[in-house]
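Every number for a ligand or one of its atoms is a count from 1 in the order of the listing. Heads up: numbering here begins at 1 and tracks the sequence.
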Amino acid sequence: MIYQTQNSFPPGFLWGASTSAYQVEGAWDSGGKGLSVVDMLCHPKGKADFTVASNHYQQMETDVALFAELGLKAYRFSIAWSRVIPDGDGEVNPEGLDFYNRLVDTLLTHGIEPVVTLYHFDLPWALEEKGGWLNRQTINAFVNYADVLFNTLGDRVRYWLTINEQNTMILHPGAIGTPPGHELPDKKSLYQQSHHMLLAQALVAHRCHELLPKAKIGPAINTTSMYAATCRPEDAIAAHNWETLRCWSFLDVAVHGCYNALALRYLQDRGYAPETEPDDSEILTAGRPDFVAINYYSTATIGASRGDGSDVIPRAGDQQIMLGEAGVYRPEENPYTAKTPYGWVIDPIGLRLTLRKVAERYHLPVMITENGIGAPDTLAPDGTIDDGYRIDYLRKHIEQIQLALADGVNVIGYFPWSAIDVVSTHQGYAKRYGFIYVNRDEEALYDLRRIPKRSFAWYQQVIVSNGQQLQDTR
Ligand code: BG6
């Protein structure tokens, strides 16, 4: 659709940026923090160092001052469950809670709206040792943990996200890493874990509404659109298969409170359907979200499964690189889109399409809680970081958000990944996303100095102009 008039970003639009606890905080074993699964991971490449990460735990006040200088209206961060409750389901660690209290207060002092993710991949290790999400008790532990946060931070935090990218954890468990000696769970176990996460999420949403009637809570799923590789009807069905299984099957339960019919048939047919208890559907319907959050990086192109054993691509995939599944779909190349240095498809128009689909499907406000380009940014001898490619990537995505607003999608906020450099889940510090450079690399910590990149000044101007000034003026 080409419009004759252009919509502008609404007043109060949440111009933000994101991070997650394990990727930014460091202080992995201090301040009373317990271990999380991330602390125990064998990273696929054996490189990523999450122990110091970006040292944000130590430099929080100066980081938030920089976020304020950037002009952020909102900041999305996650809380490390094992910092607040070291063994996941027992005593609260006051020092851990104090850190997040101070973070929220510091943000508010600078006029920045906190947007809190309750859980971003870093399950407490003590819970993992008791079976993790396969153990139904983890649901209660999550509800208790959320209760602590609602009761402590709920007077100041208005936006909550339940679970970050449940679909990544279930569909690409090895991509995040595996603890030593641990096998990757089989699919039946993974879908059982997923069911428990869905119940936990619904219970927490319900609890949030009970305790904090003015707060808003939603799920954050890695959501995208799948293109059919050709106009062959078989390809269209395959694209729909995989879009449903990868994205909608998770969001449909969160929003509608029941399983997507196609996804359920797939689970039953393959013998992956979870064991349920009599109250489960009541629980799922009782905890509906107030908005849907999506993390969007790429689209994917899909062809029909050939069923000849060649559908699965033999390589380590990640959350954006589709692997293929016999009888379901086969990944194909898109000749019309570019890729990042890490093979992720760059497709700003795909964001507009995905936003339309989310809005049509759920009739809820949409928050974009991640979007960005990972790159091996370099610090030039003159002390600058020229990340023009990031400006280009973000600008084109923001243009498409503006068009989605014109399409009638109620986009309420945009949170590029990431506010400051963080440890990439897959490529450690070699791959950066932030507006603020952190002076360390994979091998050495140097001085961990913060240096605004060229994209920092550009995003400043985007925010000040409420999305009207998108050009890179330098
Ligand atoms: C998202 C995750 O899927 O992708 C983030 O929520 C992650 O935690 C981001 O960092 C980028 O992925 P990567 O592997 O480049 O760090």
Side-chain angles (χ1 to χ4, degrees), residues 16-26 36-38 41 43-50 53-54 56 75-81 115-123 161-178 197 218-224 246-247 250-251 293-300 315-323 339-346 351 354 367-377 387 389-390 393-394 397 415-435 438 441-442:
S18 281
T19 62
S20 87
Y22 78 91
Q23 292 174 276
V24 75
E25 285 178 7
S36 81
V37 289
V38 174
L41 284 180
H43 191 265
K45 302 225 165 29
K47 277 183 118 190
D49 161 35
F50 297 108
S54 302
H56 174 69
Y75 171 56
R76 173 199 177 216
F77 61 95
S78 79
I79 292 188
W81 186 343
V115 176
V116 173
T117 312
L118 295 172
Y119 163 52
H120 190 126
F121 302 161
D122 51 353
L123 189 73
L161 299 160
T162 50
I163 298 179
N164 181 71
E165 294 195 1
Q166 181 179 335
N167 55 341
T168 295
M169 288 188 276
I170 300 305
L171 301 171
H172 300 284
I176 295 169
T178 32
M197 287 185 201
I221 291 292
N222 187 307
T223 310
T224 187
R246 184 186 180 278
C247 309
F250 295 89
L251 283 174
I294 64 166
N295 294 350
Y296 174 90
Y297 290 89
S298 300
T299 47
R315 65 170 175 228
D318 61 33
Q319 68 273 47
Q320 303 308 151
I321 298 183
M322 306 301 136
L323 286 178
K339 284 185 180 170
T340 71
Y342 301 91
W344 290 15
V345 166
I346 302 176
L351 174 58
T354 306
M367 191 186 271
I368 302 162
T369 40
E370 286 183 34
N371 172 237
I373 183 167
D377 299 337
D387 59 344
Y389 38 86
R390 181 161 295 112
Y393 178 100
L394 296 174
H397 283 80
F415 295 74
W417 185 264
S418 52
I420 184 168
D421 283 344
V422 298
V423 186
S424 146
T425 305
H426 293 97
Q427 282 88 8
Y429 239 91
K431 182 189 197 185
R432 296 168 186 264
Y433 285 89
F435 293 109
V438 175
D441 60 25
E442 276 299 279

Nearest non-hydrogen protein atom, atom 4 (O) of ligand 1: Q319 NE2, 3.0 Å

Location of contacts on N164 toward ligand 1, heavy atoms closer than 4.0 Å: side chain

Subset of ligand 1 atoms that lie under 4.0 Å from at least one heavy atom of Q23: 5 (C), 7 (C), 8 (O), 10 (O)

Interfacing atoms of ligand 1 (cut-off 4.0 Å, heavy-atom, S424): 13 (P), 14 (O), 15 (O), 16 (O)

Identity and distance of the protein heavy atom lying nearest atom 9 (C) of ligand 1: Y297 OH, 3.4 Å

Protein heavy-atom partner closest to atom 14 (O) of ligand 1 - residue, atom, separation in Å: H426 ND1, 2.3 Å

Polar side chain donor-acceptor pair, N222 to Y297, under 3.5 angstrom: no

Y433 and W344 aromatic ring geometry - parallel, tilted or perpendicular at 30°/60° bounds: tilted

Plane angle bin for Y119 and W81 - parallel if under 30°, tilted between 30 and 60°, otherwise perpendicular: perpendicular

Top protein contact for atom 16 (O) of ligand 1, by heavy-atom distance: T425 N, 2.7 Å

Atom 11 (C) of ligand 1: nearest protein contact (heavy atom, Å): Y433 OH, 3.3 Å

Charged N-O contact under 4.0 Å between D387 and R432: no

Ring geometry between Y22 and F121 (parallel below 30°, tilted from 30 to 60°, perpendicular above 60°): tilted

Heavy-atom gap H120 to ligand 1 smaller than 4.0 Å: yes

Taking atom 2 (C) of ligand 1 as the reference point, the nearest protein heavy atom with its distance: E370 OE1, 3.4 Å

T168-ligand 1 polar pair, N/O distance under 3.5 Å: no

Straight-line distance of F77 CZ to Q23 CD, nearest 0.5 Å: 15.0 Å

Mode of Y342 contact toward ligand 1 - side chain, backbone, both, neither (heavy atoms, under 4.0 Å): neither

Side chain proximity check, V345 to Q320, heavy atoms < 4.5 angstrom: no

Selected option - heavy-atom contact closest to atom 3 (O) of ligand 1, from Q427, E165, H172: E165

Which segment of W344 sits under 4.0 Å of ligand 1 when only heavy atoms are counted: side chain

Passing candidate, side-chain hydrogen bond (donor to acceptor under 3.5 Å, both in side chains) with E165, options N295, T369, T117: N295

N/O donor-acceptor pair under 3.5 Å between R390 side chain and I373 backbone: yes

